[in-house]
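Data first, discussion second: the structure below is written as structure tokens.
Computed from heavy atoms alone, side chains included, the values below leave out hydrogens, waters and symmetry copies.
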Amino acid sequence: MIIDQVYLTDIAEIAEMEAKYIFHPYSEAVLSEMLKNPNCLALKVVEDGVVAGYISGQFVIDEFNINNVVIKEEYRRKGYAAALITEVIQRCKKEKVVKLYLEVAQDNFAARELYAKFGFKFSYERKKYYGDQSALVLIKSI
């Protein structure tokens, strides 16, 4: 497993993952613009030359908002999401971030369990944010 930054050459593959697994996916154009923003962080996890997943987010003063964590279905339950989150937390500590935020679908129990292991706590609910599903906003202090 290798964790590296996302490059423009990865955008098409990441956009495919977004379209397949995310309720409101980012387009290739939005993902490309994200990479140009110095306040954004996008990392990928690579296994045997394949992008197995990625994480993206944005620094806002002393906070970091995780936009998406996407792992291809065939690579789930192998620690890739945890590795990406660990790397983000380490980078946030170096940048003196004090809080991390993320949203997770109410019915995404696997993700909620993972985030709880990292110390993310429920803050509030955004009703019907993902169609019929609510989004839970979680916060972690570091």
Side-chain angles (χ1 to χ4, degrees), residues 1-47 50-142:
M1 169 183 9
I2 298 169
I3 295 178
D4 195 6
Q5 70 184 48
V6 172
Y7 297 99
L8 285 174
T9 54
D10 301 314
I11 293 300
E13 189 171 4
I14 287 174
E16 284 180 29
M17 284 190 278
E18 286 270 333
K20 187 171 183 177
Y21 300 114
I22 300 292
F23 186 77
H24 294 294
Y26 291 132
S27 67
E28 285 188 42
V30 169
L31 290 165
S32 295
E33 285 302 311
M34 177 182 70
L35 290 185
K36 296 175 188 173
N37 182 339
N39 294 320
C40 287
L41 175 63
L43 302 171
K44 64 186 176 185
V45 59
V46 179
E47 186 65 48
V50 175
V51 176
Y54 93 104
I55 190 169
S56 68
Q58 184 168 354
F59 293 97
V60 180
I61 308 171
D62 62 350
E63 299 175 345
F64 187 79
N65 184 68
I66 296 174
N67 297 329
N68 285 329
V69 180
V70 182
I71 305 297
K72 290 180 179 175
E73 194 167 352
E74 61 270 27
Y75 292 97
R76 293 181 183 169
R77 297 269 188 215
K78 296 183 179 188
Y80 296 122
L84 288 168
I85 293 167
T86 298
E87 181 67 22
V88 164
I89 290 170
Q90 289 173 350
R91 291 179 185 220
C92 284
K93 286 178 179 178
K94 288 179 185 173
E95 295 294 326
K96 308 290 190 233
V97 167
V98 297
K99 285 189 181 175
L100 285 86
Y101 293 84
L102 61 81
E103 295 162 349
V104 61
Q106 185 177 19
D107 67 346
N108 190 342
F109 298 107
R112 288 173 57 186
E113 182 179 317
L114 175 65
Y115 300 141
K117 287 179 183 176
F118 279 94
F120 283 88
K121 306 285 184 205
F122 173 80
S123 179
Y124 61 94
E125 179 179 348
R126 291 186 171 149
K127 295 204 180 280
K128 297 190 177 190
Y129 190 75
Y130 299 115
D132 290 339
Q133 283 294 316
S134 294
L136 307 179
V137 177
L138 307 180
I139 299 174
K140 174 183 175 55
S141 296
I142 55 174

Over all heavy atoms of both residues, which pair between Ala82 and Leu114 is shortest? Give the atoms and the distance, please. CB-CD1, 4.0 Å
Thinking salt bridges, do Glu33 and Lys36 make one under a 4.0 Å N-O criterion? yes
Go through the steps to decide whether Leu41 and Phe64 satisfy the test side chain to side chain contact (heavy atoms under 4.5 Å, CB included), and finish with yes or no. CA-CA 9 Å; Leu41 175 63; Phe64 187 79; 4.0 Å; yes
Please report the shortest heavy-atom distance between Leu138 and Phe122, naming the atom on each side. CD2-CA, 3.6 Å
Would you say the side chain of Val50 lies within less than 4.5 Å of the side chain of Tyr75, judging by non-hydrogen atoms? yes
Is there a side chain to side chain contact (heavy atoms under 4.5 Å, CB included) between Phe118 and Thr86 once you walk through the steps? CA-CA 8 Å; Phe118 279 94; Thr86 298; 3.3 Å; yes
Distance-only, no hydrogens or angles: does the Lys72 side chain make a donor-acceptor pair with backbone N or O of Met17 under 3.5 Å? no
Please report the shortest heavy-atom distance between Cys92 and Phe59, naming the atom on each side. SG-CE2, 4.0 Å
All heavy atoms of Gln5 vs all of Leu43, minimum pair found to be CA-CD2, 3.9 Å
First locate atom CZ of Phe109, then atom CD of Gln106, and finally report the distance between them rounded to the nearest 0.5 Å. 7.0 Å
Tell me, do Asn39 and Val60 make a side-chain contact under 4.5 Å, heavy atoms counted? no
From Glu95 CD over to Asp62 CG, what is the distance, rounded to the nearest 0.5 angstrom? 12.0 Å
Out of Asn65, Ile85, Ile139, Val88, which residue meets the side-chain contact (heavy atoms from CB on, under 4.5 Å) rule with Leu100? Val88
So how far is it from Ile22 CD1 to Ile14 CD1, rounded to the nearest 0.5 Å? 11.5 Å
Go through the steps to decide whether Leu31 and Tyr54 satisfy the test side chain to side chain contact (heavy atoms under 4.5 Å, CB included), and finish with yes or no. CA-CA 12 Å; Leu31 290 165; Tyr54 93 104; 3.9 Å; yes
What heavy-atom pair brings Gln58 and Asn37 nearest, and what distance separates the two atoms? NE2-ND2, 3.8 Å
The reported gap from NZ in Lys96 to CD1 in Ile142 (rounded to nearest 0.5 angstrom) is 10.5 Å
Atom CD of Glu63 and atom OH of Tyr101: how far apart are they, to the nearest 0.5 Å? 4.0 Å
List the steps and the verdict of side chain to side chain contact (heavy atoms under 4.5 Å, CB included) for Ile55 and Val45. CA-CA 9 Å; Ile55 190 169; Val45 59; over 6 Å; no
Checking Tyr115 side chain against Lys140 main chain: does a donor-acceptor pair fall under 3.5 Å? no
Point-to-point distance, once rounded to the nearest 0.5 Å, from CZ of Phe23 to CG of Asp132: 8.0 Å
For Ala110 and Arg77, which heavy atoms make the closest approach, and how far apart are they? CB-NH2, 3.7 Å
Side-chain donor/acceptor of Lys44 to backbone N/O of Asp10, under 3.5 Å: no
Short side-chain to backbone donor-acceptor contact, Glu18 and Tyr26, under 3.5 Å: yes
